[in-house]
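Read through the structure below, which is laid out as structure tokens, and then see the notes.
All values derive from a computational prediction rather than experimental measurement.
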Amino acid sequence: MAGHSKFKNIMHRKGAQDKKRSNLFSKLSREITVAAKMGMPDPDMNPRLRLAVNAAKAQSMPKDNIQRAIDKASGGDADNYEEVRYEGYGPGGSAIIVEALTDNRNRTATNVRNCFAKNGGNMGTEGSVAHGFERKGLIEYPPEAGDEDTVLMAAMEAGADDIESSDDGHTIWTEADALHEVAGAMEKALGEAETVKLAWKPNITVEMDAGNAGTLLKLIDALDDDDDVQTVWGNYEIPDEIMDKLG
């Protein structure tokens, strides 16, 4: 099950980028509100809401903000957002999946298409790249959660499918419908995770050279900056030395 994790790389400097985005709390709040509106407003009774709340806590979102987002759904005054997925091709033969929550599909589709067009990519049709990914549950723990053997044992006992450990931390993969159960079992063993969410895991990754990597990261930053875009997934792998040069 164990191996060296490249997923931190694949997610494009997730921690640093998330903290830079001024609209991060807005995105988190939107997901919390949508999750609460779709099910019970109690995280213990609503797996999707629990994931959204955990993601918000991981980014140090204040408790008051989290509660306001839940209350907004309960009060019936929440905007009607729908989930949409866009797929496309980035530089260097990379494949990109964009997940969004929007109250205006035309606006979001136009914005996403423009991001691809202006940054060396092309937006494809639905299903054009998703066949190269698997829908999986993703759980991430920091290095201090335990050594590789400790986390491996906890993951196996919790029913996880795979674990990848590196100096950056531990990445645990589950079946999509088992994410909530596995995350709960691992929390009892290791404490609260940094990340618990549904993910698109690439079956095969494509290594980027310096030129394509720079253009690709501009594309991902442009997509991330859109208010409607929640998450960007890709099948790219950027060597550490190139990432260091790009900053």
- request: Verify, without hydrogens or angle tests, whether Arg30 (side chain) and Leu101 (backbone) share a donor-acceptor contact under 3.5 angstrom.
  value: yes
task: May I ask you to check whether over 12 heavy atoms, not counting those of Glu99, lie within 6.0 Å of atom CD?
output: yes
query: Which atom names give the shortest non-hydrogen contact between Leu216 and Ser94, and what distance separates them?
result: CD1-OG, 3.7 Å
- prompt: At what distance, to the nearest 0.5 angstrom, does NZ of Lys245 lie from CD1 of Ile238?
  reply: 13.5 Å
message: What I want to check is whether the side chains of Glu148 and Ser165 have a donor and an acceptor closer together than 3.5 Å.
response: no
Heavy-atom side-chain contact between Glu31 and Arg48 under 4.5 Å: yes
Nearest-0.5 Å distance that lies between atom OG1 in Thr33 and atom CE in Met38: 13.0 Å
message: Quick check: closest heavy atoms across Ala210 and Ile242, and the distance to 0.1 Å?
response: N-CD1, 3.5 Å
- request: Indicate the atoms forming the closest heavy-atom contact of Leu28 with Ala56, along with that distance.
  value: CD1-CA, 3.9 Å
With Glu82 via salt bridge (Lys or Arg N to Asp or Glu O under 4.0 Å) - residues at least two apart: Arg105
query: Restricting to pairs with a member in residues 109-130, which pass side-chain hydrogen bond (donor to acceptor under 3.5 Å, both in side chains), not counting sequence neighbours?
result: Asn111-Asp226
message: Give me the atom names and distance for the closest heavy-atom approach of Asp161 to Thr174.
response: OD2-C, 3.7 Å
- request: Check whether any side-chain heavy atom of Thr108 sits under 4.5 Å from a side-chain heavy atom of Tyr86, and report yes or no.
  value: yes
field: Shortest non-hydrogen contact between Val232 and Ile96, atoms and distance
entry: CG1-CG2, 3.7 Å
field: Side-chain (Asn235) to main-chain (Ala95) donor-acceptor, under 3.5 angstrom
entry: yes
- prompt: Taking Glu87 for the side chain and Val129 for the main chain, is one N or O donor matched with an acceptor at less than 3.5 Å?
  reply: yes
- prompt: Taking the side chain from Glu194 and the backbone from Ala58, do they hold a donor-acceptor pair closer than 3.5 Å?
  reply: no
query: Which atom names give the shortest non-hydrogen contact between Ala35 and Asn46, and what distance separates them?
result: O-ND2, 2.9 Å
query: Checking Lys27 side chain against Asp224 main chain: does a donor-acceptor pair fall under 3.5 Å?
result: yes
- prompt: To the nearest 0.5 Å, how far apart are CG in Asp228 and CG in Asn104?
  reply: 8.0 Å
- prompt: Is Glu164 close to Thr171 at the side-chain level, that is, under 4.5 Å between some pair of heavy atoms?
  reply: yes
- prompt: Strictly by modelled atom types, are Asn80 and Lys37 linked by a side-chain donor-acceptor pair under 3.5 Å?
  reply: yes
